[in-house]
Amino acid sequence: KGACQFDDCKFLHVNPRKLTNKEQAQMLKELPLRAFDEELAKVVQNMNISKCKDFHQRGQCHRAPGQCHFWHLTSASVARWAGFQFWCETCSKGFTSKDQMDDHCKAAPHQRALAQRKRPSKRKWEWAK
């Protein structure tokens, strides 16, 4: 394990910790397109990739889509690759344990967000013409 058995292999075998920022961004862009693989996920999680502060604290990343080498946790599938087995769809937050998720769901910020989501919009919407 860990060494390719083929002399004419077409794949580039790299040490995940030695990826360039560009290669890491490419990997993060492509991961959600793959079927989840527990073994690969462990390798990715061991890279200790941080969440993008611009995206998660300010609401948007200054890098072009797919060019950021930090996590943009936008869905349960992306969060799962990052090591978060539990996902709050209302708040777009990932959690590593059921206890964390339960505590989050009981907290006032989550309850406010949930109530806000259930409230009917006062705006009237029309189809674009």
Side-chain angles (χ1 to χ4, degrees):
K1 192 167 185 158
C4 186
Q5 61 184 343
F6 302 105
D7 292 333
D8 61 345
C9 183
K10 295 180 182 178
F11 296 100
L12 179 62
H13 300 276
V14 297
N15 180 337
R17 292 194 180 272
K18 294 183 179 180
L19 292 177
T20 66
N21 286 347
K22 186 176 181 178
E23 291 168 332
Q24 187 169 305
Q26 182 69 28
M27 178 196 65
L28 293 175
K29 179 181 174 184
E30 293 176 5
L31 274 176
L33 306 175
R34 302 176 62 108
F36 185 77
D37 178 320
E38 189 73 39
E39 191 173 331
L40 178 57
K42 286 179 185 176
V43 171
V44 172
Q45 291 160 18
N46 285 334
M47 293 173 67
N48 293 322
I49 300 169
S50 300
K51 291 192 307 185
C52 178
K53 289 180 184 175
D54 290 334
F55 184 81
H56 290 282
Q57 292 177 359
R58 296 178 185 93
Q60 68 181 29
C61 180
H62 67 276
R63 294 175 183 90
Q67 300 299 309
C68 186
H69 58 279
F70 297 112
W71 285 112
H72 288 198
L73 302 180
T74 55
S75 69
S77 65
V78 174
R80 189 172 179 204
W81 280 107
F84 299 99
Q85 298 301 315
F86 299 88
W87 178 255
C88 176
E89 195 66 44
T90 302
C91 301
S92 295
K93 290 186 176 183
F95 303 94
T96 57
S97 74
K98 185 171 180 353
D99 289 341
Q100 284 180 336
M101 179 73 171
D102 290 343
D103 288 346
H104 166 77
C105 288
K106 293 174 192 170
H110 172 78
Q111 293 298 319
R112 282 192 298 273
L114 195 58
Q116 187 70 27
R117 240 182 167 187
K118 289 181 179 177
R119 225 178 264 148
S121 175
K122 293 182 181 182
R123 294 181 182 162
K124 293 184 179 179
W125 297 96
E126 302 182 7
W127 291 101
K129 295 179 182 178

**Study point:** By side chain to side chain donor-acceptor pair (under 3.5 Å) - contacts of His110 (at least two apart)
**Key:** His104

**Study point:** Residue list, side chain to side chain donor-acceptor pair (under 3.5 Å) with Ser50, at least two apart or on another chain
**Key:**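 Listed in chain order: nothing, the list is empty.
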
**Study point:** Hydrophobic cluster membership, Val78 vs Leu31, 4.5 Å side-chain cutoff
**Key:**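 Val78 and Leu31: one cluster.
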
Point to revise | Shared hydrophobic cluster for Met27 and Phe70 (ILVMFWY, side-chain gaps under 4.5 Å) | key: no

Distance in Å, [X] [atom1] paired with [Y] [atom2], rounded so as to fall on 0.5 Å steps:
{"X": "Cys61", "Y": "Lys53", "atom1": "SG", "atom2": "NZ", "result": "13.0 Å"}
{"X": "Gln45", "Y": "Thr96", "atom1": "CD", "atom2": "OG1", "result": "10.5 Å"}
{"X": "Cys52", "Y": "Leu73", "atom1": "SG", "atom2": "CG", "result": "10.0 Å"}

Review point. Under the salt bridge (charged side-chain N to carboxylate O under 4.0 Å, His left out) rule, what pairs show up with a residue in residues 76-101, not counting sequence neighbours?
Key: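 Found Lys98-Asp102.
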
Review point. Should Phe95 and Asp103 count as side-chain neighbours, where that means a heavy-atom distance under 4.5 Å?
Key: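 Side chain of Phe95 against side chain of Asp103, heavy atoms only: no contact under 4.5 Å found.
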
Review point. Any side-chain hydrogen bond (donor to acceptor under 3.5 Å, both in side chains) pairs touching residues 60-73, not counting sequence neighbours?
Key: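 Listed by first then second residue: Asp54-His62.
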
Practice item. Heavy atoms only: give me the nearest Trp87-Ala79 pair and the separation to one decimal. Key: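 Heavy atoms of Trp87 and Ala79 come nearest at CE3-CB, 3.4 Å.
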
Check your understanding: Looking at Pro16 and Val43, what are the two nearest heavy atoms and their distance?
Key -> CG-CG1, 3.5 Å

Check your understanding: Residues in ring-ring contact (aromatic ring centres under 6.0 Å, His included) with Trp81, at least two apart?
Key -> Phe36

Check your understanding: What residues form a side-chain contact (heavy atoms from CB on, under 4.5 Å) with Pro65, not counting sequence neighbours?
Key ->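 With sequence neighbours excluded, Pro65 shows a side-chain contact (heavy atoms from CB on, under 4.5 Å) to no residue whatsoever.
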
